[in-house]
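Please read the structure below before turning to the comments.
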Amino acid sequence: MYKIFSKKAGLTAAAVGLLLSGCAPGGTEGREVIRLAGKSITVIENQNELVVNKAALISLERYEDRIGLGWVDEDTLLMAKSEQSSLNALIRQRLLLFRPGAGKEDYFPGSVYNQVEAELSPDGSAVFYKESEGVNASATGYAARTSDRTPVRVTEENAIPVKEGRWIDNAHLLYAGLDGSLYVWDTGGHTRKLPVPAATGAQSVLLTDGAVFYIGGDSRLYEARLDGGAVSAVAEHVQTAVPSPDGSRIALVRTGGPGRSTLSFYNVKSGKERQVAGGTAFHNSCWSKDGSRFAYSVASDHAGQSGLFISSPDPAVETVQLSADVFPGYPIAFSPSGRQLLASKVMAEGNRNKTVAYRMTFKK
C-alpha cells in the first residue's frame with residue numbers, strides 16, 4: 001500500500017481587440033500584468049501577438065517559459081517548466097507551484113523522467129501526475145499533496161497510458177490500465193478493480209453510484225453497470241469526454257468526418273445531448289468548479305469562430321469569446337472562483353519556440 005493522505009483530509013469578430021504583449025521590463029522574471037479595464041489600455045509592442053476580446057477581460061498576466069496546468073487556490077498556480085538535467089543534456093519537464101504575487105516557485109521532487117499530465121483534485125489539496133519517458137509512452141502514476149509535494153506511487157511502474165486517469169472527488173482517482181481494466185485508487189493507498197469487462201484502449205471518464213462511463217478503443221462512449229457489468233454504447237465517434245464536477249453532464253467532442261468536429265453536452269440522467277459548437281478541431285476544454293461555465297478552444301474555417309470561448313450548460317446563457325487565438329496542446333483551467341482562466345500556448349521567439357502561460361481575469 002502507498003499511504004500518504006488522511007481520508008479526512010458569443011461575440012462577433014468586430015468585438016475582438018488586438019493586444020501585443022512582450023517581455024516584462026522588471027519585477028518577477030517572466031511575469032507581465034496588463035490591465036484591460038476602462039479606457040486605460042496598455043499595449044506593449046512585440047512580435048508575439050495575442051488577440052483578445054478587451055470588452056470581456058479585466059486583466060491579463062503573462063508568464064514566459066511555463067505551462068499552466070491548474071489552480072491550487074486563486075493565487076497559487078500549478079505549472080510545468082522544462083529544464084536541462086545536471087547529469088546529462090536531456091531536457092525534462094518538472095512540476096512546480098507558482099505564486100505570482102510573491103514571485104515564489106516550489107518545485108516537486110525531481111526525476112529522470114518527465115512529470116506530465118498533471119491534474120489537481122477538486123479542492124486543490126492534491127495533484128495526480130505521470131512520470132514518463134515521452135508523450136506516447138506508458139507511464140507511472142503518482143499523487144502528492146500540494147502542501148508538501150511529496151510523491152507517492154499510485155500505479156505499478158509503466159502501467160497506464162500517459163494521458164490516463166482523473167480525480168473522481170478529493171479522495172479517489174479513476175484510471176484505466178494498459179489492458180483496459182478500470183481501477184479506483186483512494187488516498188488511503190487502496191486500489192480496487194471495477195467489476196466491468198476490460199476494453200482495450202479504454203479511457204476512464206466518470207464513475208457514478210451505479211455505473212462507469214468510459215471511451216473505448218473504438219471511439220464510442222460506453223456506460224457499464226456496476227451491478228452486473230452490462231455494457232451499452234451511448235455515443236459514437238467520441239474523441240474526448242470531460243465530465244462536469246457534479247457528474248450530471250459530460251462534454252463530448254465528436255468527429256463528423258474530415259475537418260469536422262462538434263462539441264456537445266450529454267446529460268447522464270436523461271441520455272439527451274445538446275450541441276454547443278462546431279469547428280475543424282477542438283483542442284482543450286474545462287468546467288468551472290460549480291459547473292455553470294465551460295471553456296473550450298476551437299479552430300474553425302469560419303471567420304470569428306476560432307479561439308477561446310466560455311459557454312454554459314444553460315442554453316439561455318450567451319457564449320463569450322475571450323480570445324481569437326487557439327490554444328492547442330496544453331490544458332486550460334478555471335480558477336476556484338470561476339473568474340479567471342489559465343491557458344498556455346507555444347510562441348515563436350527568434351530561432352526557438354517557447355511556451356507562454358496566460359492568466360485571464362474576465363468580467364461576469
Same apolar cluster: Leu194 and Phe213, side chain cutoff 4.5 Å = no
query = Do the side chain of Arg225 and the main chain of Asp227 share a donor and acceptor less than 3.5 angstrom apart?
reply = no
inquiry  = Check whether Ser261 reaches the backbone of Thr255 with its side chain - one donor and one acceptor, N or O, closer than 3.5 Å.
reply    = no
task = Return the minimal non-hydrogen interatomic distance between Ala299 and His283, and the atom names on each side.
result = CB-NE2, 4.1 Å
Leu95 side chain near Tyr107 side chain, heavy-atom distance below 4.5 Å = no
message = Quick one about Tyr113 and Gln115 (side-chain donor to acceptor, distance below 3.5 Å, no hydrogens or angles considered), yes or no?
response = no
ask   = Is it true that Val127 and Tyr330 fall in one hydrophobic cluster, defined by side-chain heavy atoms closer than 4.5 Å?
value = yes
remark   = So NZ of Lys363 and CD1 of Ile58: to nearest 0.5 Å the spacing works out to 7.0 Å
task = Might you work through the side chain to side chain contact (heavy atoms under 4.5 Å, CB included) test for Tyr296 and Leu263, ending with a clear yes or no?
result = CA-CA 9 Å; Tyr296 61 92; Leu263 170 67; 3.6 Å; yes
request  = Looking only at non-hydrogen atoms, find the nearest pair between Arg166 and Val242 and report the distance.
outcome  = NH2-CA, 4.3 Å
note = Rounded to the nearest 0.5 Å, the CD1 atom of Ile67 sits from the CG atom of Leu78 at a distance of 11.0 Å
query = Atom NZ of Lys163 and atom CD of Glu117: how far apart are they, to the nearest 0.5 Å?
reply = 4.0 Å
ask   = Given the rule that I, L, V, M, F, W and Y join up when any side-chain heavy atoms are under 4.5 Å apart, are Phe282 and Val276 in one cluster?
value = yes
query = Are Arg274 and Pro315 side-chain neighbours, meaning at least one heavy-atom pair lies under 4.5 Å?
reply = yes
query = Under a 4.5 Å cut-off applied to non-hydrogen side-chain atoms, are Leu97 and Val72 in contact?
reply = yes
query = What is the ring orientation for Phe98 with Tyr63, classed by angle as parallel under 30°, tilted 30 to 60°, or perpendicular over 60°?
reply = perpendicular
inquiry  = Does Leu178 form a side chain to side chain contact (heavy atoms under 4.5 Å, CB included) with Ser138? I'd like the steps, not just the answer.
reply    = CA-CA 8 Å; Leu178 293 175; Ser138 58; 4.3 Å; yes
query = In Å, rounded to the nearest 0.5 Å, how long is the span from CG of Asn170 to OG of Ser121?
reply = 5.0 Å
Short side-chain donor-acceptor distance under 3.5 Å, Glu236 and Ser219 = no
message = Within the supplied structure, the quantity of interest is the number of heavy atoms (other residues, nucleotides, ligands) at a distance under 6.0 Å from Asp301 CG; does it exceed 12?
response = no
query = Would you say Ser344 and Val356 make side-chain contact, with heavy atoms under 4.5 Å?
reply = no
query = When you look at Phe309 and Phe294, which way does the ring-ring contact (aromatic ring centres under 6.0 Å, His included) test go after all the steps?
reply = CA-CA 8 Å; Phe309 295 84; Phe294 186 79; over 10 Å; no
Ionic contact status for Asp75 with Arg359, cut-off 4.0 Å = yes
key: Under-4.0 Å salt bridge between Asp186 and Arg192   = no
request  = Over all heavy atoms of both residues, which pair between Leu342 and Gly68 is shortest? Give the atoms and the distance, please.
outcome  = CD2-CA, 3.5 Å
query = Do you know the tightest heavy-atom contact between Ala56 and Gln321?
reply = CB-O, 4.3 Å
message = Assess the residue pair Arg352 and Asp65 against the criterion (salt bridge (charged side-chain N to carboxylate O under 4.0 Å, His left out)); give the C-alpha distance rounded to whole Å, side-chain angles, the decisive distance to 0.1 Å, and a yes or no.
response = CA-CA 12 Å; Arg352 77 177 185 107; Asp65 297 317; 3.6 Å; yes
request  = Return yes if some donor-acceptor pair links the side-chain N/O of Ser306 with the main-chain N/O of Ser300 below 3.5 Å, else return no.
outcome  = yes
message = Please check: side-chain N/O of Arg220 versus main-chain N/O of Ile215, any donor-acceptor pairing under 3.5 Å?
response = no
inquiry  = Hydrophobic clustering (ILVMFWY, side-chain heavy atoms < 4.5 Å, transitive) - are Val298 and Val253 grouped together?
reply    = yes
key: Val231 and Tyr214: CA distance, side-chain angles, deciding distance, side chain to side chain contact (heavy atoms under 4.5 Å, CB included) verdict   = CA-CA 10 Å; Val231 179; Tyr214 64 89; 3.8 Å; yes
query = Cut-off 3.5 Å, side chains only: do Ser264 and Glu273 have a donor facing an acceptor?
reply = yes
inquiry  = With side chain to side chain donor-acceptor pair (under 3.5 Å) as the criterion, how do Asp314 and Ser312 come out once you've worked through the C-alpha distance, each side chain's angles and the decisive distance to 0.1 Å?
reply    = CA-CA 5 Å; Asp314 182 352; Ser312 171; 5.3 Å; no
query = Hey, is the main chain of Lys272 close enough, under 3.5 Å, to the side chain of Asn267 for a donor-acceptor pair?
reply = no
ask   = Would you say the side chains of Glu74 and Gln340 form a donor-acceptor pair under 3.5 Å?
value = yes
remark   = d(Ile250 CD1, Glu223 CD) to nearest 0.5 Å is 9.0 Å
ask   = Backbone N or O of Ala176 within a donor-acceptor pair of the Glu164 side chain at under 3.5 Å?
value = yes
N/O donor-acceptor pair under 3.5 Å between Asn353 side chain and Val346 backbone = no
query = Does a side-chain heavy-atom distance below 4.5 Å link Leu252 with Thr240?
reply = no
ask   = Can a salt bridge be assigned to the pair Arg66 and Glu105 using a cut-off of 4.0 Å between side-chain N and carboxylate O?
value = yes
Distance-only polar pair, side chains of Asp179 and Ser181, donor-acceptor under 3.5 Å = yes
request  = Fit a plane to each ring of Phe327 and Tyr358, take the angle between them on a 0 to 90° scale, and name the class: parallel (under 30°), tilted (30 to 60°) or perpendicular (over 60°).
outcome  = perpendicular
inquiry  = Could you tell me if the side chain of Val152 sits less than 4.5 Å from the side chain of Tyr142, heavy atoms only?
reply    = no
query = Does any donor atom in the side chain of Ser111 or Glu131 lie under 3.5 Å from an acceptor atom in the other side chain?
reply = yes
inquiry  = If you define the side chain from C-beta out and look only at heavy atoms, does anything of Leu96 sit under 4.5 Å from Asp106?
reply    = no
message = Is any side-chain heavy atom of Glu61 closer than 4.5 Å to one of Pro100?
response = yes
request  = Show your reasoning for whether side chain to side chain contact (heavy atoms under 4.5 Å, CB included) applies to Thr191 and Val154.
outcome  = CA-CA 8 Å; Thr191 301; Val154 172; 5.7 Å; no
inquiry  = For Thr187 versus Trp167, what's the shortest heavy-atom pair and its separation?
reply    = CG2-CZ3, 4.3 Å
query = Looking at Tyr129 and Pro151, what are the two nearest heavy atoms and their distance?
reply = OH-CB, 3.1 Å
ask   = Would a distance-only check, ignoring hydrogens and angles, find a side-chain to backbone donor-acceptor pair under 3.5 Å from Ser244 to Arg249?
value = yes
ask   = Quick check: does any side chain N or O of Arg293 sit under 3.5 Å from a backbone N or O of Ile310, one acting as donor and the other as acceptor?
value = no
Leu308-Leu57 co-clustered via ILVMFWY side chain contacts under 4.5 Å = yes
query = Just how far is it from atom CZ of Phe362 to atom CG of Leu341, taken to the nearest 0.5 Å?
reply = 6.0 Å
